[in-house]
Visitor: 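Please find one structure pasted underneath; my questions will follow.
These figures come from a predicted structure and were not determined experimentally.
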Amino acid sequence: MTAPLLGMRDIDKRFQGVKALSSASLEVAAGEIMALVGQNGAGKSTLIKVLTGAYRRDGGSIAFGGEPIDFASPHEAQRGGISTIYQEINLVPFRSVAENIFLGREHRRYGLLDWRRMNHQAAELLRRFAVELDVRRPLMGFSTAIQQMVAIARAVSFKARLVIMDEPTSSLDEREVAVLFDVMRQLRAEGVAVIFITHRLDELYQVCDRVTVMRDGRTVMTSLMAEVDKLHLIAAMLGRDLETVRAHATGFSATSAKAGEEVLSAEGLRIGRKVRDARVEVRTGQIVGLAGLLGSGRTEVARAVFGADPPDAGTIRLTGKEVTPREPADAIALGVGYCSEDRKADGIVPDMSVRENLTLGILPRLTQMGVVDEARQRAIVDRFMARLAIKAASVEQKIRELSGGNQQKVLLARWLCTDPKLLILDEPTRGIDVGAKAEIQSLIRELADQGLGVLMISSELEEIVEGADRVFVLSDGRTVADLPHTAASAPAIMAAMAHEDPAATGTANG
């Protein structure tokens, strides 16, 4: 039997006496795409950081290319043939695209930087990813998706023998994901190994050869992708029996039996070139799903209701009154809360504490003469930490140190303590492991059952189908279907997105 390119065996790692890894193992062959999955806190990131030298292991052995290794730093690992792409883009925004790709290994000619060669090679490399742009422009001038592609191109350019991709698709649209998967297949054909870490389990079946599952710092399963289905994967990740997982694909329980008073009614919305004729309605005690492909106008509609991007035309009514929120402060005063799609960029303040992040929305109410009433603040924080089961070492812990699921709970708590009538959730479970995802979904259902109106945007049809009492479907900036829960099946929603006969899928609008 051929020895694997990478062999990690019996890896132990402790932090202040607490075991983060316990006899963990991982093997990857040359020219293989290996999925590495598990809940947040399962040990995936710790295992990768041990491999790349960011952490020192306390026990176990690592072999790479048949030789024992013990990298002292990620830079040394990179020189040794292991290149890592992190979920958080780790580039220099003020430098050009070409500079970022060749950072630390710039081409020189006669002692001077060879700009022509670097620009040419950077452009050629990006074409491999179907990206055409001016590589001389600063990176900060491009979208998050393009910046992610640049980070991936940089990693590939090292001609590594092993490429580690940590949530590389989190900011990419479907076309960009398809291009990335093509590049991964090219790498595999060239004999390069890939470790692919993602929470999007459906993606694994498109591109991965095998999967390794971690739970509680241990490796609990390794299997060929073709021999394990999604439910078995989830059961292994959660440590639950298959029947429990099969009972509910999401954390949503039964939908609401009866909707109450109208909370939101938006009609004829037109916003720039993205939204042409959108309509949506939400009632108390109701979760309304807003479905559509990326670019269909979902987020633009949510931002218009929240006053972040006021519409060019159309009407918005909140609790029966026509309103024109011109900025988020107007919408907040009217009882609207909004958890954005990108919690890291638009939600959390990473270097502030859990306490500070949770109470940002009500800080004016807690302040007198410029001084925060710390007793009231602490009482509110303690109440919502308990109500939402937020796990943190203390309320003073920096929010960036929390798992994705707990960060999202803090953001939910931030809006709940404003006592909103309408809560807009844009991709509320994106980038969150399956266990925390079920907790968030259950919490959303509980909030609706208590009378809150919820507008939920999600790219996961499973989440929309199981969780929403009513579904509005957007396509090319127009509302093309309004489906009750009983008619909102995945095929019906997809048919509406594709402009197929709406009579077969529900009531058409526009």
Visitor: Can you list the residues that meet the side-chain contact (heavy atoms from CB on, under 4.5 Å) rule with R188, with sequence neighbours excluded?
Guide: I33, R185, D209
Visitor: Applying salt bridge (Lys or Arg N to Asp or Glu O under 4.0 Å), can you list everything that pairs with R117, at least two apart in sequence or on another chain?
Guide: none
Visitor: Look at the side chain of R56 and the backbone N and O of K13, then say whether any donor-acceptor pair between them is shorter than 3.5 Å.
Guide: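 Not a single qualifying donor-acceptor pair exists.
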Visitor: Please enumerate all residues that pass salt bridge (Lys or Arg N to Asp or Glu O under 4.0 Å) together with E281, with sequence neighbours excluded.
Guide: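 Scan of E281 (salt bridge (Lys or Arg N to Asp or Glu O under 4.0 Å), adjacent residues dropped) gives R283, R470.
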Visitor: Could you check whether the rings of F306 and Y338 sit parallel, tilted or perpendicular, using 30° and 60° as the cut-offs?
Guide: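 It falls in the tilted class, 30° to 60°.
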Visitor: Please confirm whether the backbone N or O of L103 pairs with a side-chain atom of R154, one donor and one acceptor, at under 3.5 Å?
Guide: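 Judged by distance alone, yes, a pair lies under 3.5 Å.
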Visitor: So does R127 pair up with E124, basic N to acidic O under 4.0 Å?
Guide: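 Salt bridge: yes.
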Visitor: Does the plane of the ring in H107 sit parallel, tilted or perpendicular to the ring in F102? Use 30° and 60° as the thresholds.
Guide: tilted
Visitor: Between D309 and R303, is there a salt bridge with N-O shorter than 4.0 Å?
Guide: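 Here R303 pairs with D309 in a salt bridge, since their nearest N and O are under 4.0 Å apart.
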Visitor: Considering non-hydrogen atoms only, spot the tightest contact between M118 and A98 and give its length.
Guide: O-CB, 4.1 Å
Visitor: Verify, without hydrogens or angle tests, whether D426 (side chain) and A302 (backbone) share a donor-acceptor contact under 3.5 angstrom.
Guide: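 Looks like no, no N/O pair under 3.5 Å.
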Visitor: For R79, is the CZ atom crowded, meaning more than 12 foreign heavy atoms sit under 6.0 Å from it?
Guide: yes
Visitor: Before accepting this row, confirm whether a basic side-chain N of the pair K44/D166 lies closer than 4.0 Å to the acidic partner's carboxylate O.
Guide: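 The answer is no: the pair does not qualify as a salt bridge.
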Visitor: Find out whether R276 and D476 are in side-chain contact, i.e. whether some heavy atom of one side chain is under 4.5 Å from a heavy atom of the other.
Guide: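 With C-beta onward as the side chain, the pair touches.
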